[in-house]
Amino acid sequence: MKNKIQKIAYNSLLVLFLTLNYSCSDELTERNEQFPQLNPANTDELAGTWKTFLLTTPDEFSLDAPIASTAAAFTREINEIKSYQASITPEQKKIIKYWSAGGVLRWNEIMRTLVARHNRPPYQNEDGTYPAPSGANPFANPEFPFSNPPYAARAYAYVSAAQYDAMIATWHYKKLYNRAAPFTVDATLPVLIPKSALPSYPSEDAVLAGVTVELLKLLFPTEIAYIQEKAEEQKLYRIISGANVRSDVDAGIILGRKIAGKFIARAASDGTGAAIGNQALWTQLETQTAATGETPWKSLDVPARPPMLPLFGKVKSFLMTPEMVIASRPVPPPSTKSEQFAKELAEVKNYGKNATRKNMQIVTFWADGVGTYTPPGHWNAIASESFVELNYSEVRWARNLALLNIAMMDAAISCWDAKYTFFNPRPSQVDPSIKTLTGTPNFPSYVSGHSTFSGAACVVLSHIIPAKKQSFVAMAKEASDSRMFGCIHYRSDCEKGLELGEKVGGFAVARALTDGAE
Amino acid sequence: MKKFYLSCLLLAPLFMNAQTEIDGIMMSKNNFCFGAVYQYSSWDEYWEGTFKRENLNLGTVSTKSVALMGNYGVSDKLNIIFSLPYVETKASAGTMEGQKGLQDLSLTIKYMPFEKTIGKATYSLYALGGLSAPVSNYSADYLPLSLGLKSKTASLRLMGDYQRGRFFSTISGAYVKRANITIDRNSYYTNEIHYTNEVDMPDAISVNFRIGYRSNRLIAEAVVDNWVTQSGGFDITTNNMPFPSNTMNALKVGVNTKYTLKKIPALSLIGGCNFVTEGRNVGQSNTFYGGLFYILNLKKTTQENEK
């Protein structure tokens, strides 16, 4: 008997020990690690003629002619590739695997990480006020930026638009100088990624690194070391893989940097710096709403936090004039004294009281709140995973993401315009017994930002990939509904938000029809 | 020592998931001890990394739970223990809705391979193997108001007990292996964004020391417990949201007592409290609990039935 018990005990402990050691594998499979190497079906050879956003012409910024591929200096550049390849390390192979999925794609992912890392509201001062992040002093407390949804939407838009213009210039110069790729010149050179039929000067990856690094320095100044490290990897990847020689890369960096300057100059004067407003404005928003007899929005944060970027609606859009923003403005929300409002409030309350697990999943899936890449980031992730399947050229990747992100920046501008025009309260402000399933955002309710972003993204993506329209529409609807299920928005906020998003997304679609890429 | 075999389990609600019985006491063969414990735990302050703060948007975060627990003596040296808590969370301020539901079922095998009395002192060694798994589909990604972390765990604890007269001390250490969890999002940020709904949960080491008085009727002990998350976790940055795979450390001190009724020796009452004194990415909780346990001798019942 004693032996039997001993045996049971030992066996049980042994099984447990084995479980501890072997069965709990911690390895995660991440979707973006499965992306294949970019191997475009169509190189978009004539993209040098597509319509740019800020560049007046594709050759607005000059690029020196390359040395001839017959020159001795070129042979030495090929020798550099061979010497790297002769002692290639596992770490270098990893870099090649990572970057060969596509430069526009990887920089977009890097940006999503930067947005998530900086998407944190400032911590309060001792006296209950809040410090504001300052671009002039980015390492102070709080660090600059607070990449909230409008900030993020604009950041994604600038980087995408700049990358797109930079790719147009790249394609222009590739065709103009028509210098052969190193593997074409030296047929014995091993190439570690799919061979591109395009001329290789300048390197599109280097142009991307050049333009993106400069913009990210402006947008995420505390991250320069991290950003530079990524750019160095990307440059190295092109040379080790045999896709570019050193002079392709060096020229690309120079061209990219020049183009970035134009976007940086625009960003400095687009109104974002003033969007935070000041105490006088915050008070005025409250009094002017109260004067209409409506209940003005109040911060539900403790201590009360100033409203998020009240003047973001005045930021300069890429595709809309200020008049177009006002013309797109939705009808006013139901009065807080109306029957319609009471009905919508009751609906929200009911979602809270009868929260199903399914609804909670939807709320969490689309929440994209503090510490995440924001709703625009979520739509970039959705777009990227769809684009990967379509094997776009870098220029088409850049174009499609630029259209998407410019539409979402317009969504941010138009949505914030509506929010601060109507300045209406959140459900929990009107009825404090309403508890929420996600954080209550610190800005007025009408219209829902998630709905506006989703409406705009859905319209643009459905235009780009018509076969997926149904799925995009369903996602946008769910993202929009999630805010009602989470008890932070009324039905009108969501429905009118989706409509507004679709309307402003239409401007990007109109451009897509005429930019020369379709 | 033998006489203490009849003692019911002395529960020490552990950090995160109230679980095993890490005392130097065994149930005797064929005895089944079962009961319920009510626990109230709350905090006003918490640590974001090493930064200690309050959060007026949460106020006091409280967790009430009722756990069903049982301990069966397979033999005098081998016990099987289970616990199943129902948990309710709440924040006193702010807009966030609390959660309620069944949390994790835990099973522990407790084995005493060694016991020796030398003079007035009795030495004993134990090995405890535990498994736990969520029993409801709650959301782990709803901190600090989630019911738990939802990770399946396996733990192995080694324990030594020394008793001299009615005074004793017990020391134990455990390695807790935690399985990956899935959350309701398909991407999340740790130090970069991960594009998966699966989260790699860091393991943990728990060290527990107890010292006190132990008799047939009364047990009273002081406890120090240190829970340390192993590599793979990360800190909450200032004013950020917590995440299930944060590094969560807590040093706790507390008191546990158990009293067995004179008139009904099968019935015992337990109660105690513990306080987090140092922590990382956890609330500085104060915890109070009380419960009732009853012992059945199943062998006797069976024999009676056979008659």
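All values derive from a computational prediction rather than experimental measurement. Chain letters run A, B, ... following the sequence lines, proteins first and then strands; every chain starts at 1.
- Residues Tyr189(B) and Gly371(A) approach most closely at CB-O, 3.6 Å, considering heavy atoms.
- Looking at heavy atoms from C-beta onward, Met96(B) lies in side-chain contact with Thr436(A) at the 4.5 angstrom threshold.
- Of all heavy-atom pairs between Leu437(A) and Tyr142(B), the closest is O-CE1, 3.3 Å.
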- Query: Checking side chain to side chain contact (heavy atoms under 4.5 Å, CB included) for the pair Arg426(A)/Thr95(B): CA distance, chi angles, key distance, verdict?
  - Reply: CA-CA 11 Å; Arg426(A) 295 271 172 179; Thr95(B) 67; over 6 Å; no

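- Judged by distance alone, with hydrogens and angles left aside, the side-chain atoms of Arg53(B) form no donor-acceptor pair with the main-chain N or O of Tyr123(A) at under 3.5 Å.
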Table please: side-chain donor-acceptor pairs of residues 86-93 of chain B below 3.5 Å, with sequence neighbours left out.
| unit_1 | atom_1 | unit_2 | atom_2 | d |
| --- | --- | --- | --- | --- |
| Thr89(B) | OG1 | Gln99(B) | N | 2.9 |
| Thr89(B) | OG1 | Gln99(B) | O | 3.4 |
| Thr89(B) | OG1 | Leu145(B) | O | 2.8 |
| Ser92(B) | OG | Thr60(B) | N | 2.8 |

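- Of the possible polar contacts, none joining the Thr113(A) side chain to the Glu192(B) backbone as a donor-acceptor pair under 3.5 Å is found.
- For the options Asn197(B), Asn55(B), Asn239(B), Thr196(B), heavy-atom pairs under 4.5 Å to chain A are most numerous at Asn239(B).
- Ile193(B) contributes atom CD1, which lies 11.5 Å from atom CD1 of Ile110(A) (distance to the nearest 0.5 angstrom).
- Contact count against chain B (heavy-atom pairs under 4.5 Å) is highest for Asp301(A) among Leu300(A), Asn141(A), Asp301(A).
- For Tyr138(B), the part lying near chain A is the backbone, with the side chain staying farther off; criterion is any non-hydrogen pair under 4.5 Å.
- A 6.0 Å sphere centred on CD of Glu229(A) holds no more than 12 heavy atoms belonging to other residues, nucleotides or ligands.
- Options Asn137(B), Asp184(B), Ile183(B), Val199(B) differ in how many heavy-atom pairs under 4.5 Å they form with chain A, and the most are formed by Asp184(B).
- The distance from atom OG of Ser187(B) to atom NE2 of His378(A), rounded to the nearest 0.5 Å, is 6.0 Å.
- In this structure, the separation between CG on Asn57(B) and CZ on Arg305(A) is 8.0 Å, given to the nearest 0.5 Å.
- The contact list for residues 114-122 of chain A toward chain B, using heavy atoms and a distance under 4.5 Å, reads Ala116(A), Arg117(A), Arg120(A), Pro121(A), Pro122(A) by residue number.
- Annotation: the span from Arg185(B) atom CZ to Asp368(A) atom CG amounts to 8.5 Å, rounded to 0.5 Å.
- Rounding to the nearest 0.5 Å gives a distance of 6.5 Å between CG of Leu56(B) and CD of Gln124(A).
- Take Ser386(A) and apply the side-chain hydrogen bond (donor to acceptor under 3.5 Å, both in side chains) test, not counting sequence neighbours, and it matches Lys468(A).
- Most heavy-atom pairs under 4.5 Å with chain B, from the set Met360(A), Arg357(A), Glu385(A): that is Arg357(A).
- In this structure, the portions of Thr364(A) lying under 4.5 Å from any heavy atom of chain B include both its backbone and its side chain.
- The contact between Ala381(A) and chain B is made entirely by side chain atoms (from C-beta outward), counting heavy-atom distances below 4.5 Å.
- For Glu478(A), the side-chain hydrogen bond (donor to acceptor under 3.5 Å, both in side chains) partners at least two apart in sequence or on another chain are Trp366(A).
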